[in-house]
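In this text the structure is predicted, and so the values were computed from the model without any measurement.
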Amino acid sequence: MKPRRMSRQRWVRACAHALQRWRLEQIASGKEQPLCNREEFYLRTLREDGRANPADFIIPYPMLLIEALTELGEPQSTQPFSPTPEPAISAP
């Protein structure tokens with residue numbers, strides 16, 4: 001019996017996990033600079049303690065998206081979306 005193909009959602013989450021692990025390895029080796037507070041904290045922990053567990057700094061995919069939006073500087077609206085009213089069509 002063939003193994004089942006990974007669902008798209010699982011595949012995206014696995015890619016996000018692998019990407020975070022790769023970034024943390026690159027930051028630890030000095031090839032990349034931290035882009036967010038979590039990565040900066042990882043680097044600071046690594047420098048101060050001499051070791052840091054990368055698994056402690058890998059976050060779930062939905063939180064990664066929120067972090068990316070926050071770091072990009074896009075304002076998060078706390079008010080619900082309310083569309084603007086359409087202008088009235090005048091009769092000729």
From NZ (K31) to CD (E25), nearest 0.5 Å: 10.0 Å
I need the L24 CG to F57 CZ distance, nearest 0.5 Å.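 If I round to the nearest 0.5 Å, the distance is 8.0 Å.
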Single-linkage hydrophobic cluster, 4.5 Å side-chain cutoff, M6 and Y61 together: yes
Is it true that W22 and L46 fall in one hydrophobic cluster, defined by side-chain heavy atoms closer than 4.5 Å? no
Show your reasoning for whether side chain to side chain contact (heavy atoms under 4.5 Å, CB included) applies to H17 and R13. CA-CA 6 Å; H17 186 276; R13 290 179 183 196; over 6 Å; no
Minimum side-chain heavy-atom gap R23-I27 below 4.5 Å: yes
What residue among I59, L19, L69 forms side-chain contact (heavy atoms from CB on, under 4.5 Å) with L64?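 Between L64 and the candidates, side-chain contact (heavy atoms from CB on, under 4.5 Å) is satisfied uniquely by I59.
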Could you give me the CA-CA distance, side-chain angles and deciding distance for M63 and R38, then say whether side chain to side chain contact (heavy atoms under 4.5 Å, CB included) is met? CA-CA 12 Å; M63 290 179 69; R38 177 179 49 88; over 6 Å; no
All heavy atoms of T45 vs all of A52, minimum pair found to be CG2-CB, 4.0 Å
